[in-house]
Structures are given as C-alpha cells and as structure tokens.
Novice: 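Before anything else, here's the structure in question.
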Amino acid sequence: MRCSRVLIIGASLLMLNPFSACSKSNTKNVPETKTLPENKTVTQVKAVSPEVKKAKLVYSKMSGRFKNDIQFKDDAEIENFIADLNEILEEEKTFPENDVSLFYLIDKKHNIGSDYVPAELIPVKQCSLFNVSRNDLSLRKEAYDALKVLSEAALADGIKLMVSSTYRSYNYQTGLFNRYVAQDGVELAERYSARPGTSQHQLGVAVDFGSITDDWGDTKMGKWVYENAAKYGWSLSFPREYEDVTGYMWECWHFRYIGVKACRFQEKWFNNIQQYMLEFINEWNLTE
C-alpha cells in the first residue's frame, strides 16, 4: 500500500526518477526508458536557438526599470517575441537607404550630429486636411504622408488637427534650448527641451500637435489623437511618469512617426513605451 500511495502522490517524481523502488515493483505501468548504447538515459532538451540567446543578451543590457516592466515567462514566449521582432526588422530594410532608419534612437545618450538633415523634407502648409501654427514647417516624406492619412481619419470624425511644430534644424534647436536655459536654468530646461543634436524633431518625423500645453490632452482633438494615432503609425514619445526612461517630462502633444507595425509591436511587447522599443532595436542591431 505504501508503494501505491507514493505512485499516486508523487507521480511527477517517478517521471524524474524511473529507477525508484516503486517503479521496479510496477514495471508494467512504467514506460520503457530509451537508452544510448552506453546505457545512458536520453534526455530530450530543446536546444536554445542563437536568436533566443541573443535576445537574452540584449535584454541583459537594458535598464533596471526596463527589466522590471518587460519580462518574458519562458523561451517559448521569447521565440514569439523574436518572430514579431523579425517582421519589424524586415520592414526596416524597406526604409529609404539615403536616410536614417525610422527607428533611429535619438535621446540624451544618442545624437544625430550637427550636419544631419532629412534627405527629403516636404513643406507642411495650411490645407484642407489640417491647420498649421506657422508657415515654415516641414516633415520627412514618410511622416508627411502619414500625417495626411491621420488627418483624413480625424476629419472623418469631425476633427481638424493643428500641427504646431515639426522638423527643427540643429541650429534652430540650439537657439531654442539656449532660450529655455536663459529662462529657466539648465537643470529645468533639460527636463523639457533637447540639447541640439538630440531632438526627435531634427529627424523630421516628430509632430507637436495643438497648443503644446498639458491641457491639450483633455481637448477633443487631444483625446482623439491619443485614441487613434497608433492606428496610423504615430507613437507618443514622452508618456506620463516615464521621465527617468525618456529623459523628458510628460508631453501629451509630442508624437513620432514609426509606422503601424512598429506601433503594434511596441504595444504588444514594450508596455506601449516607445523608448523601450527603440532602445531594444538599437541594441539588437549593434549586437553580433
């Protein structure tokens, strides 16, 4: 009876140790163990793929908060993640070869340099699709085309978007940042303004919508953009309570064009935090 009881209570243990005393007395109920010629038990362990190993290496280089926020339960989930990542990387290959990637990481630690200007800038003028705050705005072509699609969708819902800021040159950002420093001091200015060469606006793929104030997010326009921007490839760059991650205070009005697939990828695997996704992609591309 003791042996039978052990079989019932500890079945999983028997599977791990098929040579226990109980298994010997119940050999008819124990599956035959396959052995190698040297009588060594065959252990079927799925080999870890090189990409899974690479994903774990890249993950190990991420920040502490990244690791706290983004976790994978097992290798199978990592493989699913890699399958989605590879789709994004394949799409990246289709981006224009004469310009930087739409996933280019630019922040306080990664700059673009004073000489960079997008290869093809399109003027953003007042039109039937959207309003503009100034007459000297422009965007990289991919972002401009996506802005038109976003604006058409907004108009269908009775909302005409206001485009307030777009591409900024290195020199323009220099003057802007210096003005903010004179106004508020370096420490505070760096929390809401980028030093020249580190602004998403220099890439020509970022748009500031509306009034560029904290209350814009509560307007009809702001709520619509929040709910719909990602459907058309636009991602919020500086979300609330992530200043330690992005380097900047919350900006409800600042969206960057990264593409529809990337927005879905970001939402599925990175808690919808653009900075997390761009950091991971950047490190992945740098890792052999």
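Everything numeric here is computed off the predicted structure, so don't read it as measured data. Sequence positions, counted from 1, serve as the residue numbers for this chain.
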Novice: Would you please name every residue forming a side-chain contact (heavy atoms from CB on, under 4.5 Å) with E251, sequence neighbours left out?
Specialist: F238, W253, H254
Novice: Do E283 and K61 sit within salt-bridge range, that is, some charged N less than 4.0 Å from a carboxylate O?
Specialist: yes
Novice: How about CG on D115, more than 12 heavy atoms from neighbouring residues, nucleotides or ligands closer than 6.0 Å, or not?
Specialist: no
Novice: With the threshold set at 4.0 Å, does a side-chain nitrogen-carboxylate oxygen contact exist between R240 and D214?
Specialist: no
Novice: Counting N and O atoms only, with roles assigned by atom type, does the side chain of K108 sit under 3.5 Å from a partner on the main chain of E190, one being a donor and the other an acceptor?
Specialist: yes
Novice: Is any side-chain heavy atom of L286 closer than 4.5 Å to a side-chain heavy atom of N282?
Specialist: yes
Novice: Please determine whether ring-ring contact (aromatic ring centres under 6.0 Å, His included) holds for the pair Y167 and Y172, giving the CA-CA distance in whole Å, both sets of side-chain angles, and the decisive distance to 0.1 Å.
Specialist: CA-CA 10 Å; Y167 165 72; Y172 184 97; 9.0 Å; no
Novice: Quick one: side-chain contact (heavy atoms from CB on, under 4.5 Å) partners of A119, sequence neighbours excluded?
Specialist: N98, D99
Novice: side-chain contact (heavy atoms from CB on, under 4.5 Å) with L161: which of N131, V132, V207, L150?
Specialist: L150
Novice: Just so I know, are the side chains of V205 and E142 near enough to count as touching, which here means a heavy-atom distance under 4.5 Å?
Specialist: no
Novice: For T174, does its backbone N or O pair with a side-chain atom of N178 as donor and acceptor, under 3.5 Å?
Specialist: yes
Novice: Quick check: F265 with F270 (ring centres under 6.0 Å apart)?
Specialist: yes
Novice: Got a sec: does the CD of Q183 have more than 12 other heavy atoms crowding it under 6.0 Å?
Specialist: yes
Novice: With a cut-off of 6.0 Å (strictly less than), are more than 12 heavy atoms of other residues, nucleotides or ligands near CD of Q71?
Specialist: yes
Novice: I'd like to know if D84 and K268 make a salt bridge, using a cut-off of under 4.0 Å between side-chain N and carboxylate O.
Specialist: yes
Novice: Are the side chain of D74 and the backbone N or O of A76 linked by a donor-acceptor pair below 3.5 Å?
Specialist: yes
Novice: Is it the case that the side chain of T166 and the backbone of S138 share a donor-acceptor pair, with hydrogens and angles ignored and the cut-off at 3.5 Å?
Specialist: yes
Novice: Do R65 and Y242 meet the cation-pi criteria used here (NZ or CZ under 6.0 Å from the six-membered ring centre, within 45° of the axis)?
Specialist: yes
Novice: Are F81 and F72 an aromatic pair by the rule of ring centers under 6.0 Å?
Specialist: yes
Novice: Tell me, please, which residues at least two apart from Y144 pass ring pair (Phe, Tyr, Trp, His ring centres under 6.0 Å).
Specialist: none
Novice: Ring-plane angle category for F66 and Y276, please: parallel below 30°, perpendicular beyond 60°, tilted otherwise.
Specialist: perpendicular
Novice: Using a strict 4.0 Å threshold on nitrogen-to-oxygen distance, state whether E90 and K93 make a salt bridge.
Specialist: yes
Novice: Whether K56 and D75 form a salt bridge (side-chain N of Lys/Arg under 4.0 Å from carboxylate O of Asp/Glu) is what I want to check.
Specialist: yes
Novice: Is Y257 reachable from Y104 through a run of hydrophobic residues whose side-chain heavy atoms are each under 4.5 Å from the next?
Specialist: yes
Novice: For Y192, which of F177, Y248, Y180 qualifies under ring-ring contact (aromatic ring centres under 6.0 Å, His included)?
Specialist: Y180
Novice: Please determine if R191 and E243 form a salt bridge, counting it only when a charged side-chain N lies under 4.0 Å from a carboxylate O.
Specialist: yes
